[in-house]
Student: 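Shown below is the structure under consideration.
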Amino acid sequence: MLTRYSNYINGQYRASESHEDLTVFAPATGDACALAPNSTEDEVDACVRAAHAAKESWSSLRPIERGRILYRMAAHLRSNAEPFAEIERRETGKPFWQPPMEIGLAANYLELYAGLCNIQHGEHIDIGPQYHCHTIREPFGVVGLITPWNSPLSQLCRGLGPALATGNTVVCKPSEFTPGSSLKLAAEATEFCGLPPGVLNVVLGVGPRVGAALVGHPLVRKVALTGSVRAGREISHIAADRLIPLTLELGGKSPNIVFDDADLDAAAVGSINAIALNAGQVCFAGSRLLVQRSLYDAMVGKLRDLAKSVVVGPQQDAMVGAIATRAQYERIQATFALADADGARLVCGGPCDRRENWGNGWYLPLTIYSHVTNDMTIARQEIFGPVLSVIAFDSEEQAVAIANDTDYGLAAGCGHAI
Ligand code: NAD
């Protein structure tokens, strides 16, 4: 029997009038685990109107009172981490250890912004004695949060914390692949933590229909999206037409640079962790490893040995879990052929490396390519999977030039003697 999810509007689950169901899959098995509506425009409208109706009373609460509610939500997440973790494991395919860590992170975000509730202030600007010039911070009103599947709850809370702390009300459109934990948080924040109905609403469905309708709704005054460059570009047009502010957190192709005076063992461990975390489905994954030529071969050897010890699969002690969506699973595998065609050398992993206990789960081995140059497709495209490209460099200037030669900009790391 599949779980059937509903939208969460004004403090209640409401059965959808949409006749279109979306299937939520369990990446660890490839089986369906839930159904969710692809909501209608009327349902987006109902969510936004509920948030709009709640904004007056929420924004007029004293900030310290909003902060208390955020602290309660954080405490609720911490003391109920396991049921939230179970949903995230099921819908994202994460390994056993990871969701509790991320739920702690989600609680941290809420606590951080709960603390900031008390220090919101404007500024006095001195433009002469005959004037009184000051700024007052005011909420936008209804904020739309569009979140991805790679870390659903922590990504939600990273946007929710500042939005609620500053007196906004929220409509969240979680990823259609992983809606469960966001719905649970919205319902339990209302039921157990004192969050008034309507302050946090959740509308389910696919991005180009439901997410876009949210961004285009005339009562939505600000939007934050974490997701792909494609989605960011698409909603930028809508937001620009409406002249509303947009916060985008998009992709990355982050370089880690290892110089020849670095601690090679530490750098190898760090490089493996940087690509293995969440099976590389992290915007700041260290997917390009730049290694000074004199230690290149030694480093590749160490990476190969370490990669062998990384346990991937459904077992409890696995470090790396499944790929979160079937489309992503197929997309990552398509890059193996591109790497071969470009002349990269497979060090470990790759298309033929499948383990018996993976069954129909969407698991991929930790894959390393050496002799990669920065013009190859695997060095340029964000693969968003457990695929590491190792690139050689000769001088610091060259390393910096390669690191910066990317269409993305997000994170970078450096291994150097201190
Ligand atoms: P995605 O863009 O397909 O989906 C992200 C969210 O946007 C989902 O809720 C989706 O339904 C919605 N969406 C998609 N198209 C939309 C549209 N046209 N209008 C409105 N909403 C739309 O991305 P994804 O594949 O789910 O996530 C992976 C991408 O997200 C990667 O590129 C990754 O780098 C990026 N990401 C970035 C960060 C960060 O903090 N910078 C964090 C996680 C993921």
Side-chain angles (χ1 to χ4, degrees), residues 5 7 22 24-25 27 36-39 41 44 47 88 91-94 102 105-106 109 144-159 162 170-183 202-217 220 223-242 244 246-254 275 277-288 323-332 335 362 380-387 406-412:
Y5 289 132
N7 294 318
L22 303 169
V24 179
F25 288 93
N38 194 14
S39 300
E41 264 192 44
V44 175
C47 275
E88 295 234 327
E91 295 183 2
T92 66
K94 287 178 192 288
E102 290 189 11
L105 187 61
Y109 285 131
L145 295 180
I146 302 179
T147 53
W149 40 259
N150 58 345
S151 293
L153 206 55
S154 71
Q155 293 292 327
L156 169 62
C157 290
R158 197 182 55 165
V170 170
V171 177
C172 166
K173 207 293 296 162
S175 166
E176 54 274 35
F177 302 108
T178 56
S181 55
S182 304
L183 281 168
V202 181
V203 65
L204 306 176
V206 299
R209 168 162 145 178
V210 179
L214 181 61
V215 184
H217 195 291
V220 171
V223 171
L225 172 135
T226 304
S228 60
V229 171
R230 175 198 53 77
R233 196 171 280 135
E234 284 172 22
I235 69 165
S236 292
H237 293 297
I238 307 174
D241 270 352
R242 299 197 46 232
I244 60 166
L246 191 59
T247 303
L248 298 176
E249 292 265 354
L250 307 176
K253 192 72 192 174
S254 300
I275 194 66
L277 178 69
N278 211 29
Q281 302 165 107
V282 179
C283 54
F284 55 84
S287 54
R288 287 186 300 150
I323 303 302
T325 73
R326 178 178 282 285
Q328 188 62 16
Y329 177 63
E330 285 165 4
R331 211 177 296 135
I332 296 166
T335 62
W362 302 332
R380 304 216 68 83
Q381 269 184 10
E382 184 190 37
I383 298 172
F384 220 56
V387 182
T406 173
D407 295 334
Y408 301 94
L410 201 56

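Just so you know, ligand 1 is whichever comes first in the structure, and atom 1 is the first atom listed for that ligand. Note that the coordinates shown come from a computational prediction; the quantities given were computed from them, not determined experimentally.
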Student: Nearest protein heavy atom to atom 35 (C) of ligand 1, by residue and atom, and its distance?
Tutor: Gly227 O, 3.0 Å

Student: Which is it for Arg158 and ligand 1 at heavy atoms under 4.0 Å: side chain, backbone, both or neither?
Tutor: side chain

Student: List every atom of ligand 1 that sits less than 4.0 Å from any heavy atom of Ile146, numbering the atoms from 1 in the order shown and giving each element.
Tutor: 6 (C), 7 (O), 9 (O), 12 (C), 21 (N)

Student: Between Gln281 and ligand 1, find which residue part has any heavy-atom pair under 4.0 Å and reply side chain, backbone, both or neither.
Tutor: neither

Student: Have a look at ligand 1 and work out which part of Leu250, if any, has a heavy atom under 4.0 Å from it: side chain, backbone, both or neither.
Tutor: backbone

Student: State the atoms of ligand 1, each with its element, that fall below the 4.0 Å cut-off from a heavy-atom position in Ile235.
Tutor: 19 (N), 20 (C)

Student: Only heavy atoms of Ala212, strictly under 4.0 Å: list the atoms of ligand 1 that pass.
Tutor: 19 (N), 20 (C)

Student: Given that the side chain starts at C-beta and the backbone is N, CA, C, O, which of these parts of Thr147 lies under 4.0 Å from ligand 1, counting heavy atoms, or is it both or neither?
Tutor: backbone

Student: Polar-atom distance check: Gln155 versus ligand 1, any N or O pair below 3.5 Å?
Tutor: no

Student: Go through ligand 1 atom by atom and flag the ones less than 4.0 Å from a non-hydrogen atom of Gly211.
Tutor: 20 (C), 21 (N)

Student: List ligand 1 atoms under 4.0 Å from Ser175, heavy atoms only on the residue side.
Tutor: 9 (O)

Student: What part of Phe384, side chain, backbone, both or neither, has a heavy atom within less than 4.0 angstrom of ligand 1?
Tutor: side chain

Student: Identify, for atom 23 (O) of ligand 1, the protein heavy atom at the shortest distance, and state residue, atom and that distance.
Tutor: Ser228 N, 3.3 Å

Student: Any atoms of ligand 1 less than 4.0 Å from a non-hydrogen atom of Cys283? List them with their elements.
Tutor: 34 (O), 36 (N), 37 (C), 38 (C), 39 (C), 40 (O), 41 (N), 42 (C)

Student: Heavy-atom distances under 4.0 Å are what count here, so tell me which part of Thr226 touches ligand 1: side chain, backbone, both or neither.
Tutor: both

Student: I need the nearest protein heavy-atom contact for atom 25 (O) of ligand 1: residue, atom name and distance, please.
Tutor: Trp149 NE1, 3.2 Å

Student: Is it the case that the ring center of Phe25 lies less than 6.0 angstrom away from the ring center of Trp149?
Tutor: no

Student: Using heavy atoms and a threshold below 4.0 Å, how should the contact between Pro174 and ligand 1 be classified: side chain, backbone, both, or neither?
Tutor: backbone

Student: For atom 40 (O) of ligand 1, which of the options Glu249, Lys173, Arg230, Glu176 provides the nearest non-hydrogen atom?
Tutor: Glu249

Student: Any protein heavy atom under 4.0 Å from atom 3 (O) of ligand 1?
Tutor: yes

Student: Where is the nearest protein heavy atom to atom 44 (C) of ligand 1: which residue, which atom, and how far?
Tutor: Asn150 ND2, 3.3 Å

Student: Considering the heavy atoms of Glu234, write down every atom of ligand 1 situated less than 4.0 Å from one of them.
Tutor: 17 (C), 18 (N)

Student: Identify, by atom number and element, the atoms of ligand 1 in contact range of Gly207, meaning under 4.0 Å from any of its heavy atoms.
Tutor: 11 (O), 12 (C), 13 (N), 14 (C), 15 (N), 16 (C), 17 (C), 19 (N), 20 (C), 21 (N), 22 (C)

Student: Please state which protein non-hydrogen atom is closest to atom 32 (O) of ligand 1 and give its distance, to 0.1 Å?
Tutor: Glu382 OE1, 2.8 Å

Student: Is it true that the side chains of Gln155 and Thr147 contain a donor and an acceptor less than 3.5 Å apart?
Tutor: no

